[in-house]
Amino acid sequence: MAEPVDMIVPLLREMRADILARLDQHSTRFDLVDRRLTKIEGHIESFRHALTADTLMSKLVTGEFEERNEALEAKVRELESHK
């Protein structure tokens with residue numbers, strides 16, 4: 001029968017190899033998750049830019065409408081004052 005010491009060292013080597021293999025698997029998974037998160041963050045940033053652009057466009061359109069409305073109201077007041 002082999003000595004316990006002779007059995008422990010090979011077992012430890014086997015455990016170390018198994019741990020390293022699992023770490024490689026996890027590292028690969030983490031890299032995949034990191035790439036996915038980076039892609040998602042890019043989409044979120046793009047969406048934020050789109051919302052900002054939409055808000056700015058709405059403000060421009062609303063502002064332009066207000067200006068036209070004020071101009072029309074001024075014309076109506078001018079016409080009413082001539083009567």
Side-chain angles (χ1 to χ4, degrees):
M1 182 171 198
E3 292 292 318
V5 172
D6 295 333
M7 293 170 41
I8 290 174
V9 172
L11 181 62
L12 288 174
R13 286 185 182 139
E14 194 176 310
M15 289 170 61
R16 180 180 291 163
D18 186 47
I19 289 170
L20 289 175
R22 288 179 187 218
L23 284 175
D24 276 346
Q25 287 176 347
H26 289 299
S27 177
T28 302
R29 285 183 181 169
F30 287 141
D31 289 343
L32 178 63
V33 169
D34 189 43
R35 277 183 268 146
R36 285 181 176 175
L37 286 175
T38 301
K39 190 174 181 179
I40 289 170
E41 287 170 347
H43 290 302
I44 290 171
E45 189 65 26
S46 176
F47 185 70
R48 283 187 185 140
H49 289 304
L51 287 176
T52 301
D54 185 55
T55 301
L56 289 174
M57 287 300 293
S58 296
K59 287 181 180 179
L60 286 172
V61 169
T62 303
E64 191 173 303
F65 174 77
E66 290 295 325
E67 287 175 8
R68 288 182 179 180
N69 195 25
E70 287 173 7
L72 289 172
E73 287 174 351
K75 280 279 193 192
V76 168
R77 280 193 297 271
E78 183 183 322
L79 290 172
E80 286 177 344
S81 68
H82 287 283
K83 284 185 181 181

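Worth knowing before you read on, the calculation uses all heavy atoms, side chains too, and leaves out hydrogens, waters and symmetry mates. The model shown is predicted, which means the values in this text are computed figures rather than measured ones.
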Enquirer: Counting only pairs under 3.5 Å, give me each side-chain donor-acceptor contact of residues 51-69, with atom names and distances, residues two or more places apart or in other chains.
Expert:
unit_1: Thr52; atom_1: OG1; unit_2: Arg48; atom_2: O; d: 2.9
unit_1: Thr55; atom_1: OG1; unit_2: Leu51; atom_2: O; d: 2.9
unit_1: Ser58; atom_1: OG; unit_2: Asp54; atom_2: O; d: 3.0
unit_1: Thr62; atom_1: OG1; unit_2: Ser58; atom_2: O; d: 2.7
unit_1: Glu64; atom_1: OE2; unit_2: Arg68; atom_2: NH2; d: 3.2

Enquirer: Quick one: list whatever passes side-chain contact (heavy atoms from CB on, under 4.5 Å) with Arg77, sequence neighbours left out.
Expert: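 Per chain and number, Arg77 pairs via side-chain contact (heavy atoms from CB on, under 4.5 Å) with Glu73, Ala74.
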Enquirer: Check whether any side-chain heavy atom of Asp18 lies under 4.5 Å from a side-chain heavy atom of Glu14, and answer yes or no.
Expert: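 No, their side chains stay 4.5 Å or more apart.
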Enquirer: Say you draw a straight line from CG of Asp34 to CD of Glu41; how long is it, rounded to the nearest 0.5 Å?
Expert: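 It comes to 8.5 Å.
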Enquirer: CG of Leu11 to CE of Met7: how many Å apart, nearest 0.5 Å?
Expert: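 So the CG of Leu11 and the CE of Met7 are separated by 8.0 Å.
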Enquirer: Rounded to the nearest 0.5 Å, what separates atom OG1 in Thr28 from atom NE2 in His26?
Expert: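 The OG1 atom of Thr28 sits 10.5 Å away from the NE2 atom of His26.
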Enquirer: Rounded at 0.5 Å granularity, tell me how far CD in Gln25 sits from CG in Leu23.
Expert: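 With rounding to 0.5 Å, CD (Gln25) is 9.5 Å from CG (Leu23).
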Enquirer: Are Arg35 and Asp31 close enough for a salt bridge, meaning some N to O gap below 4.0 Å?
Expert: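 A salt bridge is absent here (no side-chain N lies under 4.0 Å from a carboxylate O).
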Enquirer: So, using side chain to side chain donor-acceptor pair (under 3.5 Å) as the criterion, who are the partners of His49 when residues are at least two apart?
Expert: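 Counting only residues at least two positions away or on another chain, His49 forms a side chain to side chain donor-acceptor pair (under 3.5 Å) with Glu45.
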Enquirer: Rounded at 0.5 Å granularity, tell me how far CZ in Arg36 sits from CD1 in Ile40.
Expert: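 Arg36 atom CZ to Ile40 atom CD1 measures 8.0 Å (nearest 0.5 Å).
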Enquirer: Using 0.5 Å steps for rounding, measure from the CG atom of Leu37 to the CD1 atom of Ile44.
Expert: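 Result: 9.0 Å between the selected atoms.
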